[in-house]
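Here the structure comes first, spelled out in structure tokens, and everything after it is commentary.
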Amino acid sequence: MVAHVAGAGVAAANASETAKVRRKIIRDCLKGAGGAKAEGWVPRSMAFPPQTCDATRTLQAAEGWNGIEHLFTGG
């Protein structure tokens with residue numbers, strides 16, 4: 001999630017940090033503290049259309065979207 005909010009470089013630099021530190025990084029990015037604010041960011045599972053963060057896992061809402069996508073895109 002750090003990579004989604006703060007970028008791949010920040011995530012790689014803090015990969016060995018504790019969960020507490022990574023949560024603070026995410027919180028700071030969402031608030032805009034100490035740098036650029038992550039505007040309009042939402043978790044992928046809450047976006048439209050819903051997506052998964054990990055290609056090896058499934059998300060029921062994302063799979064449901066695959067069944068009705070044609071109704072929205074005309075395809």
Side-chain angles (χ1 to χ4, degrees):
M1 189 175 283
V2 174
H4 295 288
V5 177
V10 174
N14 292 286
S16 63
E17 293 294 336
T18 63
K20 183 177 179 179
V21 170
R22 289 182 290 190
R23 280 193 306 265
K24 182 173 180 355
I25 292 169
I26 294 168
R27 195 175 313 116
D28 288 347
C29 287
L30 294 176
K31 288 181 182 179
K37 184 174 182 178
E39 293 290 338
W41 182 86
V42 294
R44 287 184 178 184
S45 61
M46 297 178 73
F48 184 81
Q51 303 170 344
T52 61
C53 292
D54 184 354
T56 62
R57 295 183 177 214
T58 60
L59 177 67
Q60 188 174 4
E63 289 181 359
W65 166 253
N66 293 336
I68 62 167
E69 180 179 13
H70 68 279
L71 298 173
F72 293 89
T73 60

Margin query: Please find the pair of heavy atoms, one from Ala11 and one from Val2, that lie closest to each other, and give the distance.
Written below: CA-CG1, 3.8 Å
Notebook entry, point to check: What distance separates Lys31 NZ from Lys24 NZ, expressed to the nearest 0.5 Å?
Noted result: 8.0 Å
Margin query: Assess the residue pair Ile25 and Asn14 against the criterion (side chain to side chain contact (heavy atoms under 4.5 Å, CB included)); give the C-alpha distance rounded to whole Å, side-chain angles, the decisive distance to 0.1 Å, and a yes or no.
Written below: CA-CA 9 Å; Ile25 292 169; Asn14 292 286; 3.5 Å; yes
